[in-house]
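Chain naming here is simple, since letters A, B, ... match the order of the sequence lines and numbering starts at 1 in each. Everything quoted here is computed from the prediction, not taken from an experiment.
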Protein chains: 2
Amino acid sequence: MSVATVPRNRRAERYEATRREILDAAWELVRANGLDSLAMRDLGARVGMRAQSLYVYFASKDAIFDAMFGESNRELLRRLTALGAVADPAEGVRRNARTFLDFCIEDPVRYQLLFQRTIPNFEPSREAYAPALRILDNARAALSACGITDARAFDAWTAVTGGLAAQQNANEPGGDRWVRLTDDIVDMYLAYYRPVTGGETT
Amino acid sequence: MSVATVPRNRRAERYEATRREILDAAWELVRANGLDSLAMRDLGARVGMRAQSLYVYFASKDAIFDAMFGESNRELLRRLTALGAVADPAEGVRRNARTFLDFCIEDPVRYQLLFQRTIPNFEPSREAYAPALRILDNARAALSACGITDARAFDAWTAVTGGLAAQQNANEPGGDRWVRLTDDIVDMYLAYYRPVTGGETT
DNA sequence: GTCTATATTTGGATAGAC
DNA sequence: GTCTATCCAAATATAGAC
């Protein structure tokens, strides 16, 4: 249990801190002006640099979006895995849905970046995208605990939960007109797709 | 029953025909290259004009998008009203959903224009948007015939149908992995939201 | 009604000095 | 690692001749 096995590297630390600062500024700007109008000039100004200096920290504008995409995905995955186990599998599904939807509506711009893919030419890297797969696995596991394992049923799940988020952000960002229906929608879904034998057994 | 009460105006007809030509070319271009990369230069070239000459027919690029938005909305409304009456109200709901979803997936770019609102700064005019309200009324009427009149239930309806379209176009444009679930989703929805007394009575 | 010419804006990115 | 100086490209839109 050594206290400091890894020698600190002040240069690298400073570099990382600056990257972090740039990303934070980027989030502020896109929340204020929209995803598509993030400009390197503005971003530089926000952190007290010229646009050109940003290229020391990020290879391109898309690399900045990619970092934002990646950290958002990791955050959602973190929240979902933090939920832990519950006795009632239906409650597990409900919590999964609520967590997902809270995440989607608390920052519409982040939602747009992750799920709408509206930035011209931007394609997330495999690394940034990876957590999304585990997020889906997480939902699949929650449904599986309810005895729902069918692939079509899972597609129906992504459609109904995604639909709530989409309607909310498109028609009433910041409100709760659609997301407050989450529990109803989960009830409706489980009533239809849960096998009558019920249950989490194999 | 006069045959030609309105005198033809060859000049105006030519003008309208050219506008139509420009819009058709715009549709071709956005389907090929994406909504956001529609450029006046390219559009001009497509119809054999310089970009500048397009301004004789449309005041701005947004005016072109607005015309596209309007005609798409009118087309969807036309299809929905053409459905007419059915004996079984549940079948009416199903047809409404199928018609809507077919429309959404047959042209993902049109879907994006109407429902994703991803073009920077573009806001449809009131006139172009108007049919959307009647499209919603149409769905409300179909559900109402099933005894579903609650506002929350209607929001749930737009979420589940919209969710199918969104998932399909986002994850598998051109495919049917999600839209083929339409009838299941309608069954699920009606099973949950239809009052047990059932029925189309007043 | 179409053209040429041009204004204007915007924004990503590189080279090289310090 | 930050700067100045540029480059380059793309696009919308206007003015005015023909």
Side-chain angles (χ1 to χ4, degrees), chain A residues 8-30 32-69 109 113 118-125, chain B residues 8-26 28-30 32-69 113 118-125:
Chain A
R8 285 177 56 190
N9 179 337
R10 305 188 76 88
R11 174 122 51 183
E13 278 173 17
R14 190 75 205 91
Y15 185 84
E16 275 311 312
T18 304
R19 268 181 69 101
R20 183 67 261 158
E21 239 184 286
I22 291 168
L23 287 178
D24 289 340
W27 280 114
E28 284 172 43
L29 283 177
V30 295
N33 311 325
L35 262 190
D36 43 80
S37 42
L38 178 66
M40 298 297 272
R41 286 193 201 330
D42 299 346
L43 182 53
R46 189 80 166 207
V47 294
M49 277 183 199
R50 294 283 149 168
Q52 300 89 316
S53 303
L54 297 170
Y55 289 87
V56 171
Y57 301 95
F58 293 95
S60 66
K61 191 184 172 184
D62 272 4
I64 295 175
F65 280 130
D66 199 58
M68 294 165 82
F69 187 97
V109 165
L113 174 63
T118 184
I119 307 168
N121 308 321
F122 170 65
E123 201 89 39
S125 63
Chain B
R8 284 177 58 189
N9 179 336
R10 306 188 75 87
R11 175 121 52 183
E13 279 173 16
R14 189 76 205 92
Y15 185 83
E16 274 313 311
T18 305
R19 267 179 70 100
R20 183 66 262 160
E21 239 185 285
I22 292 168
L23 287 177
D24 288 340
E28 285 172 42
L29 284 176
V30 295
N33 310 324
L35 261 191
D36 42 81
S37 42
L38 178 64
M40 298 298 270
R41 286 191 210 297
D42 301 345
L43 182 53
R46 190 80 166 205
V47 295
M49 277 181 198
R50 293 283 148 167
Q52 298 90 316
S53 302
L54 297 170
Y55 289 87
V56 171
Y57 302 94
F58 293 95
S60 66
K61 192 183 171 185
D62 271 6
I64 295 175
F65 280 130
D66 198 58
M68 295 166 80
F69 187 97
L113 174 63
T118 184
I119 306 170
N121 308 322
F122 169 65
E123 201 89 39
S125 63

Mind checking whether [X] and [Y] have side chains closer than 4.5 Å, heavy atoms only?
X	Y	value
B:Thr18	B:Val56	no
A:Leu43	A:Met49	no
B:Asp36	B:Val30	no

I need the [atom1]-[atom2] distance between [X] and [N], as an integer number of Å.
X	N	atom1	atom2	result
A:Leu54	D:dT2	CG	P	9 Å
B:Asp36	D:dA10	CG	C1'	14 Å
B:Arg50	C:dC3	CZ	P	7 Å
B:Phe65	D:dA11	CZ	C1'	13 Å

Residues pairing under side-chain hydrogen bond (donor to acceptor under 3.5 Å, both in side chains) where one sits in residues 59-68 of chain A, two or more places apart or in two chains, turn out to be A:Asp66-A:Ser125
Here the side-chain hydrogen bond (donor to acceptor under 3.5 Å, both in side chains) pairs for residues 43-54 of chain B, sequence neighbours left out, are B:Glu28-B:Arg46
Out of C:dG1, D:dT2, C:dC3, which has the shortest distance to the side chain of B:Ser53? C:dC3
With sugar-phosphate meaning primed atoms plus P, OP1 and OP2, does B:Phe58 contact a base, only sugar-phosphate, or nothing at under 4.0 Å between heavy atoms? nothing
Any salt bridge (Lys or Arg N to Asp or Glu O under 4.0 Å) pairs touching residues 9-23 of chain B, not counting sequence neighbours? B:Arg8-B:Glu13, B:Arg20-B:Asp24, B:Arg20-B:Glu71
Quick one: CG on A:Leu38 to CH2 on A:Trp27, what's the gap to the nearest 0.5 Å? 10.5 Å
Reading nucleotides 8-13 of chain C 5' to 3', which nucleotides get B (base under 4.0 Å from a protein heavy atom), which S (sugar-phosphate only), which -? ---BBB
Qualifying residues under ring pair (Phe, Tyr, Trp, His ring centres under 6.0 Å), relative to B:Tyr57, sequence neighbours excluded: B:Tyr15
Under a 4.0 Å heavy-atom cut-off, which of residues 10-20 of chain A touch DNA chain D? A:Tyr15
